[in-house]
Asks: 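Please see the structure below; I have some questions.
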Amino acid sequence: MSALAHGLNTALLHRDMQTPSLRGKRPPGLTNWERAEIPRRAPRGEGALIFQIAEARALYERSRDRIRHDIEELKEFYVFADDAVDQFLIDHPALPGVLREAIQALKSSFGSDRVFRLEVSIDEDDSKMLYGVALWGDAVRAAAQALDNFAESWWLNHMTPNTTDLAFIYKISR
């Protein structure tokens, strides 16, 4: 209820009562009763919201640019199967950093001459998974040992809730 409406209600309810004097001073405004009007809150500046939107947009653009830069950097170490990998990494911004860190451990486990490929797999229920694939041309047993070594030495220590859509595997290519 506004101060003016409150004052009118009070005046109507107590019209038979006399209002006490204010020692010769009249309060500012149209009222002549003792209770001062409740100050109104200043309206919120609309320009502040526009500034916040512009700031959020700039932050979003910087973030997208950084992710795109990270993706281009990953292309130096991994072969991307198709454009779905780029989109998957954009949708999962924590993964480029993990993949960048993983390359040393992958090379250490599988060998520095191996080719590492990123592939996106889409299941029947439209869930997506990113696979870091080590292409292997030697014996299957050696590939399995290399993958176990990678998992034990690095991957198990770096798995987080952000990496649940990432898995490392090997493929035999002869």
Side-chain angles (χ1 to χ4, degrees), residues 1-3 38-174:
M1 178 184 294
S2 73
I38 299 171
R40 294 184 186 182
R41 187 171 39 177
R44 183 176 173 173
E46 294 177 13
L49 184 58
I50 292 170
F51 176 73
Q52 290 170 340
I53 291 171
E55 191 175 72
R57 180 174 292 207
L59 179 63
Y60 173 77
E61 291 299 326
R62 284 193 307 267
S63 174
R64 294 288 277 205
D65 290 344
R66 182 67 196 165
I67 290 170
R68 291 191 193 287
H69 177 270
D70 289 347
I71 290 170
E72 290 304 315
E73 188 178 287
L74 285 177
K75 290 180 180 180
E76 295 176 21
F77 306 110
Y78 297 93
V79 175
F80 282 39
D82 53 27
D83 291 337
V85 174
D86 290 51
Q87 188 59 50
F88 191 91
L89 293 172
I90 288 170
D91 294 341
H92 299 83
L95 293 183
V98 173
L99 289 166
R100 187 172 41 285
E101 290 177 26
I103 196 66
Q104 280 303 91
L106 286 167
K107 287 182 178 185
S108 175
S109 296
F110 286 94
S112 60
D113 59 337
R114 297 288 173 212
V115 174
F116 301 100
R117 179 180 163 118
L118 295 177
E119 301 174 1
V120 174
S121 173
I122 302 172
D123 291 339
E124 297 157 357
D125 63 349
D126 286 334
S127 63
K128 296 179 182 179
M129 184 81 167
L130 180 66
Y131 288 96
V133 181
L135 301 178
W136 192 263
D138 298 333
V140 175
R141 176 165 286 198
Q145 287 175 343
L147 184 60
D148 287 345
N149 182 42
F150 169 72
E152 290 292 326
S153 66
W154 192 85
W155 182 229
L156 294 176
N157 294 326
H158 290 83
M159 292 175 76
T160 66
N162 291 332
T163 62
T164 57
D165 297 324
L166 173 63
F168 291 95
I169 60 172
Y170 63 87
K171 284 187 180 178
I172 304 297
S173 63
R174 295 187 184 193

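Here the structure is a predicted model, which is why all the values come from computation and not from measurement.
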Asks: Which heavy atom of K107 sits nearest to which heavy atom of F116, and what is that distance?
Replies: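 Taking every non-hydrogen atom into account, CG-CE1, 3.9 Å.
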Asks: Side chains of R100 and D70, heavy atoms from C-beta outward: is any pair under 4.5 Å?
Replies: yes
Asks: What's the spacing between I122 CD1 and K128 NZ if we round to 0.5 Å?
Replies: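 Separation between the atoms: 5.0 Å.
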Asks: Check step by step if side chain to side chain contact (heavy atoms under 4.5 Å, CB included) holds for L166 and W155.
Replies: CA-CA 11 Å; L166 173 63; W155 182 229; 3.7 Å; yes
Asks: For atom NE2 of H158, is the number of surrounding heavy atoms from other residues, nucleotides or ligands below 6.0 Å larger than 12?
Replies: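 Yes, enclosed.
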Asks: When you check the side-chain N and O atoms of N162 and H92, is any donor under 3.5 Å from an acceptor?
Replies: no
Asks: Hey, is the main chain of N157 close enough, under 3.5 Å, to the side chain of W154 for a donor-acceptor pair?
Replies: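 No.
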Asks: Sub-3.5 Å donor-acceptor pair from the side chain of S109 to the main-chain atoms of L106, do we have one?
Replies: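 No, S109 side chain to L106 backbone: no donor-acceptor pair under 3.5 Å.
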Asks: Can any side-chain N or O of R114 pair as donor or acceptor with the backbone N or O of F110 at less than 3.5 Å?
Replies: yes
Asks: Apply side chain to side chain contact (heavy atoms under 4.5 Å, CB included) to the pair E119 and M129, showing each step before the final yes or no.
Replies: CA-CA 8 Å; E119 301 174 1; M129 184 81 167; over 6 Å; no
Asks: Would you confirm whether D123, through its side chain, and D125, through its main-chain N or O, come within 3.5 Å as a donor-acceptor pair?
Replies: no
Asks: Evaluate whether atom CG of D83 has more than 12 neighbouring non-hydrogen atoms of other residues, nucleotides or ligands under 6.0 angstrom away.
Replies: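 Check fails, neighbour count at 12 or below.
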Asks: If I take atom CZ from residue F150 and atom OH from residue Y170, how far apart are they, to the nearest 0.5 angstrom?
Replies: 14.5 Å
Asks: Please examine the side chains of S121 and Y131, heavy atoms only from C-beta on, and report whether any two atoms are closer than 4.5 Å.
Replies: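 Yes, at least one pair of side-chain atoms sits under 4.5 Å.
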Asks: Report yes or no: does S153 contribute a side-chain atom to a donor-acceptor pair with the main-chain N or O of N149 at less than 3.5 Å?
Replies: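 Yes, S153 side chain to N149 backbone: donor-acceptor pair under 3.5 Å.
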Asks: Once you round to the nearest 0.5 Å, how far does NE2 of H69 lie from CG of L74?
Replies: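 Those atoms lie 10.5 Å apart.
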Asks: Please say whether more than 12 non-hydrogen atoms of neighbouring residues, nucleotides or ligands are located less than 6.0 Å from CD in Q104.
Replies: no
Asks: Hey, could you give me the CD1/OG distance between I90 and S63, rounded to the nearest 0.5 Å?
Replies: 10.5 Å
Asks: From the options L95, L99, V133, select the one residue that forms a side-chain contact (heavy atoms from CB on, under 4.5 Å) with L118.
Replies: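 Passing option: L99.
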Asks: Please examine the side chains of R57 and E55, heavy atoms only from C-beta on, and report whether any two atoms are closer than 4.5 Å.
Replies: no
Asks: Do the numbers put K75 on top of the ring of F80, so that NZ or CZ is under 6.0 Å from the six-membered ring centre and no more than 45° off the axis?
Replies: yes
Asks: Mind checking the CZ-CG spacing from F168 to L130? Nearest 0.5 Å is all I need.
Replies: 8.0 Å
Asks: Strictly by modelled atom types, are D91 and Q87 linked by a side-chain donor-acceptor pair under 3.5 Å?
Replies: yes
Asks: Could you measure the distance from the CG atom of L89 to the OH atom of Y78? Nearest 0.5 Å is fine.
Replies: 10.0 Å
